[in-house]
Student: 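Shown below is the structure under consideration.
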Protein chains: 2
Amino acid sequence: MTRKKVTSLDVARMAGVSQSAVSRVFTEGASVSGEMDRRVRAAAEELGYRPNALARGLITGRTRIIGLVVAYLDNPFYPDAIEKLSHALQEKGYHLLIFTTGKHGIDTERVISDLLDYQVDGIVTASIDLSNELTRQCARAGIPVVLFNRGIPGSGLAAVTSDNLAGGRKAAEFLLAGGHARIAHIAGFDGAQTSRDRLSGFRTALESAGQGLHALADGRYDREAAAQAARDMMDRADPPDAIFVSNDHMALAVMDVLRFDLGLCVPEDVSIVGYDDVPMAAWPAYDLTTVRQPTRRMVDATVTELMTLLDRPNRAARVIQIDGPLVVRGSARIPEGYET
Amino acid sequence: MTRKKVTSLDVARMAGVSQSAVSRVFTEGASVSGEMDRRVRAAAEELGYRPNALARGLITGRTRIIGLVVAYLDNPFYPDAIEKLSHALQEKGYHLLIFTTGKHGIDTERVISDLLDYQVDGIVTASIDLSNELTRQCARAGIPVVLFNRGIPGSGLAAVTSDNLAGGRKAAEFLLAGGHARIAHIAGFDGAQTSRDRLSGFRTALESAGQGLHALADGRYDREAAAQAARDMMDRADPPDAIFVSNDHMALAVMDVLRFDLGLCVPEDVSIVGYDDVPMAAWPAYDLTTVRQPTRRMVDATVTELMTLLDRPNRAARVIQIDGPLVVRGSARIPEGYET
DNA sequence: GGGGTGTCTGCATACCTATGCAACTGCTCG
DNA sequence: CGAGCAGTTGCATAGGTATGCAGACACCCC
C-alpha cells in the first residue's frame with residue numbers, strides 16, 4: 001500500500017550513477033556537470049525522491065531547526081511575532097520547533113533537555129524568563145540563544161527588545177504633557193527586565209519633571225491580575241488620574257475594569273497608555289494610546305542575529321534595542337500640539 | 001571552549017560496557033539489569049550525555065515530530081488551540097514543527113516538500129485548506145494527517161471540528177426565538193467546509209421556521225472583509241436586524257462597525273451572534289453571544305486520533321465532531337426563558 | 001547431571017546522507 | 001608533446017543510534 005521510502009541510492013541506481021553524485025546534485029555549491037544534474041533530477045522526480053533532512057542533519061551537524069521556547073500565547077503580541085518569525089526563518093530554510101513551558105516556567109529543565117536532544121541549531125525564547133541554568137547548558141552545547149522581547153543583563157545572551165527605557169519615557173512625557181497629576185503604573189512582572197526597564201524609564205521621566213510615581217502594582221502580564229491591580233488602585237482614597245500599563249494585553253483589561261466595573265470614562269476620568277500596539281489596540285472599542293513595538297523590525301533583527309551567531313558562534317552576542325513610536329489614540333487625554 | 005559532542009560510545013567507554021548497552025538503557029522496554037542501568041546512568045550523568053534524537057529518528061523511522069501547517073494566527077482561536085496542542089503533545093514526547101503558508105495557501109507545494117523532508121511522524125493543519133495534491137502526497141508517504149477545525153468530506157482524511165451544523169442551528173434558533181425577522185449571515189470563506197456547514201445548519205433552521213436567509217456575504221475569515229460586508233448589508237434598503245457571523249474574530253469587527261461607524265446599538269438595533277467563544281468574546285466591551293468551540297476537547301481528540309493513526313496507519317481516519325453550547329451573553333436580544 | 005527457559009550482554013549491521021581523497025577526463029599553455 | 005590544471009566522478013567512510021542474532025550465564029525441575 002504505502003511505498004517504501006526512496007533513498008538517494010535508489011535514485012543513483014535508476015540514473016546509473018553513484019550515490020555521491022545524487023547527494024551532490026542536492027547539495028548547494030557542489031560540483032556537478034549539467035548532464036549529471038539533468039539525469040539525477042529526472043530520476044529523483046520520477047521516484048519522488050527528497051533528501052532526508054535528518055540524515056543530512058546527522059552528518060552536517062546542522063539541522064536547520066530553531067527551537068522556540070514560549071510560555072503562553074494569550075497575549076496577541078506573541079502570535080503575531082511568531083507568525084512573522086516563522087515566515088522569515090522559512091525563507092532562509094529554517095523551521096521552528098515549539099517548546100512550551102508552564103506559565104511560570106516550572107518545567108524549564110525538561111524542556112531544555114528536549115531542546116538539546118533535537119540538536120536544534122539555535123534557540124529563540126519569547127514570553128519567558130530563563131534560568132541561568134538553561135543559559136549555562138546551552139552555552140555549553142554551543143547553541144546560540146536569542147531572547148525575544150526579554151533581556152538578561154550580564155548574561156551575555158543575545159537579546160532583541162524595543163527600547164523599553166525610551167518607551168517608558170515617552171509614555172511619561174505624554175501623560176505629563178496632558179497635565180496629569182497622579183500618574184500610576186501597572187508593571188508586567190518584576191522578574192522581567194523588559195518590564196523593569198519600562199518602569200525605570202517611566203519613573204525617571206516623571207521624577208525629572210518633579211513628579212513621583214503615584215502608585216505602582218504588579219500585573220504579572222496577566223489580565224486578571226492587572227484587573228485586580230486596577231481595582232485596588234482606584235479603590236484608594238486618592239485614585240490615579242492616569243495609568244501607564246506595561247503591555248496592551250493588560251491595558252485592555254484595565255480599560256474594561258474602569259469602564260464596566262467602575263463606571264468610569266476613559267480618558268475623561270482616567271487616561272490609559274499601553275505598550276506593544278497589538279492589533280486590538282487600534283480597534284475602536286479601545287482606541288488605545290500605546291508605545292509601538294515594531295514587530296517586523298524586531299523579528300528581522302532576531303533572524304539576523306541568529307544567522308550571524310550560526311555562522312560565527314564565537315562572536316559576542318549583541319543586545320539590540322529597537323525604538324518604537326508612541327501611537328496616539330483616544331485612551332489618554334491628548335495634550336495641545338500632539339498629532340493624533 | 002565548547003565541548004565536543006558526547007555520544008553513546010563515550011558513555012560506553014567510561015562505564016566499561018558496549019555501546020548497545022548504553023542504547024538499551026535509554027530505550028524504553030529494553031532488557032537491562034539493575035547494575036548495568038546504574039553504571040550507565042552514572043556515566044551518562046557525568047558526561048552530560050543525552051541520546052541524539054536525530055540519529056534515533058533515522059534508525060527507528062519515528063522522529064516524534066508533528067508538523068503543524070498553519071496559515072495565519074491573527075484569529076485568537078488558533079494561538080489558544082496551538083498552545084494547548086503543543087502542551088498535550090509534549091506530554092507524550094512529541095513536538096510541533098511549524099510551517100506557515102501564505103494566507104491564501106500560495107506556497108503550499110513548497111511547504112509540503114519541507115514537511116516531508118523532515119520525516120515528520122504526522123501532520124496537523126489549522127486555519128488552512130489543503131489541496132488534494134497535498135493530501136495525495138502525504139498519503140503516499142504514509143503520514144497521518146489530522147485536519148483541525150476544517151474537514152474535507154470525501155477526502156478520507158481525519159478531521160476534528162465542532163459540530164458546525166448543530167452550531168449553526170443553535171444560532172438560528174436563538175435568533176428566531178428572539179423574534180428577529182431579517183436574519184443575515186456573514187460566512188467565513190466559501191471554500192471551507194467548516195464555514196459551509198455553519199451556514200447550512202443556520203439556513204436549514206431558518207427555513208424550517210418558515211423564514212429565509214435575509215442576506216448573505218463572505219467575510220473570508222478576515223476582519224476587514226467582514227467589516228466591509230457588514231457595511232454593505234446595513235447600507236441596503238432593508239438592513240438585517242440580526243447577523244450570525246461565522247467566527248468571533250469577524251463578529252468583533254462587525255460589532256465595531258455597527259457601533260462606531262454606523263452609530264448603531266448592539267443588540268437593540270442589530271443582534272450579533274458569533275462562533276468560537278474566543279477569550280475576547282467574554283470581555284465586557286463586546287460581551288458576545290457565541291457558539292463555543294470546546295478547544296480543550298477538540299485538542300484532546302486531535303491528539304488521540306493522531307496517536308491512534310501513528311500506531312495503526314491503516315486504520316480508517318475518523319471525522320470527529322464535538323458539540324459545543326451556545327454561550328448567551330449580551331450581544332443579541334435574549335428571548336424569554338433563556339438563561340444568560 | 002542435563003535439558004529447557006529466561007535474562008543480559010556484545011557483536012555486527014543498518015538507517016541515509018555528505019565529503020575527503022584519489023582517479024579520471026579534457027584542456028591549456030609553455 | 002608533456003606538464004599542469006580545473007572540473008567531475010566514484011569509493012569509502014563517518015555521523016550516532018537501535019536491534020537481530022548468538023553467546024553467556026543463572027536457574028529450575030525432572
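Predicted, not measured: the structure shown is a model, and the values here were computed from it. Numbers restart at 1 for each chain; the letters A, B, ... are given by sequence-line order, proteins then strands. These values consider heavy atoms only, across backbone and side chains, with no hydrogens, waters or symmetry-generated copies.
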Student: Closest approach to the side chain of B:Val32, judged atom by atom: which nucleotide of C:dT9, D:dG10, D:dG16 is it?
Tutor: C:dT9
Student: Has the side chain of A:Arg56 got a donor or acceptor that lies under 3.5 Å from a partner of the other kind on the base of D:dG15?
Tutor: no
Student: When you get a sec, tell me which of D:dA18, C:dT17, C:dA18 is the closest nucleotide to the side chain of A:Ser23?
Tutor: C:dA18
Student: With the side chain of B:Ser31 defined as its heavy atoms from C-beta on, choose the nearest nucleotide among D:dC11, D:dG15, C:dT7.
Tutor: C:dT7
Student: Starting at atom CZ of A:Phe26, determine the distance to atom P of C:dT19, rounded to an integer number of angstrom.
Tutor: 15 Å
Student: Rounded to the nearest 0.5 Å, what separates atom OG1 in B:Thr295 from atom CZ in B:Phe148?
Tutor: 6.5 Å
Student: Do you know the tightest heavy-atom contact between A:Ala301 and A:Ile322?
Tutor: CB-CD1, 3.9 Å
Student: Given C:dT17, D:dA18, D:dG10, identify the nucleotide with an atom nearest to the side chain of A:Met36.
Tutor: D:dG10
Student: So does B:Thr60 get a side-chain nitrogen or oxygen closer than 4.0 Å to the phosphate oxygens (OP1/OP2) of C:dC15?
Tutor: no
Student: Closest to the B:Gln19 side chain: C:dA12, D:dT9, D:dG16?
Tutor: C:dA12
Student: D:dG10 P sits how many Å from A:Glu35 CD, rounded?
Tutor: 12 Å
Student: Could you work out which one of D:dC11, C:dT17, C:dA18 sits closest to the side chain of A:Asn52?
Tutor: C:dT17
Student: Could you tell me how far apart A:Leu116 (CG) and D:dG16 (P) are, to the nearest whole angstrom?
Tutor: 15 Å
Student: For A:Leu54 and C:dA14, what is the distance between atoms CG and P respectively, to the nearest whole Å?
Tutor: 20 Å
Student: Please determine if a side-chain N or O atom of B:Ser18 lies less than 4.0 Å away from the OP1 or OP2 oxygen of C:dC11.
Tutor: no
Student: Classify the nucleic acid contact of B:Val22 as base, sugar-phosphate or nothing, counting any heavy atom under 4.0 Å across all strands shown.
Tutor: nothing
Student: Starting from P on D:dG16, measure out to CG on A:Asp117 and report it in whole angstrom.
Tutor: 15 Å
Student: Find which nucleotide of DNA chain C each of B:Val17 and B:Ile59 is nearest to by heavy atoms, and output the residue with the more 5' nucleotide.
Tutor: B:Val17
Student: Rounded to the Å, how far apart are A:Arg62 CZ and C:dC16 P?
Tutor: 24 Å
Student: Is A:Tyr118 close enough to D:dG16 that one of its side-chain N or O atoms is under 4.0 Å from OP1 or OP2 there?
Tutor: no
Student: Step by step, work out the salt bridge (Lys or Arg N to Asp or Glu O under 4.0 Å) result for B:Asp10 and B:Arg13.
Tutor: CA-CA 5 Å; B:Asp10 300 328; B:Arg13 271 196 281 263; 3.5 Å; yes
Student: With the side chain counted from C-beta on, respond yes when B:His95 and B:Leu89 share a heavy-atom pair under 4.5 Å apart, and no when they do not.
Tutor: no
Student: Determine, for A:Tyr49 and A:Arg41, whether the Lys NZ or Arg CZ falls below 6.0 Å from the six-membered ring centre while staying within 45 degrees of the axis.
Tutor: no
Student: Counting side-chain heavy atoms from C-beta on, which of C:dC8, D:dT9, D:dG16 comes nearest to B:Lys5?
Tutor: D:dG16
Student: In whole Å, what is the span from the CG atom of B:Leu47 to the C1' atom of D:dG16?
Tutor: 15 Å
Student: Between D:dT17, D:dC11, C:dG10, which nucleotide gets closest to the side-chain atoms of B:Ala21?
Tutor: C:dG10
Student: How many whole angstroms separate atom CZ of B:Arg24 from atom C1' of C:dT7?
Tutor: 11 Å
Student: Give a yes/no answer on whether the side chain of A:Ser20 brings an N or O atom under 4.0 Å of OP1 or OP2 in D:dG10.
Tutor: no
Student: Write down the atom of B:Gln90, the atom of A:Ile98, and the distance for their closest heavy-atom approach.
Tutor: OE1-O, 4.2 Å
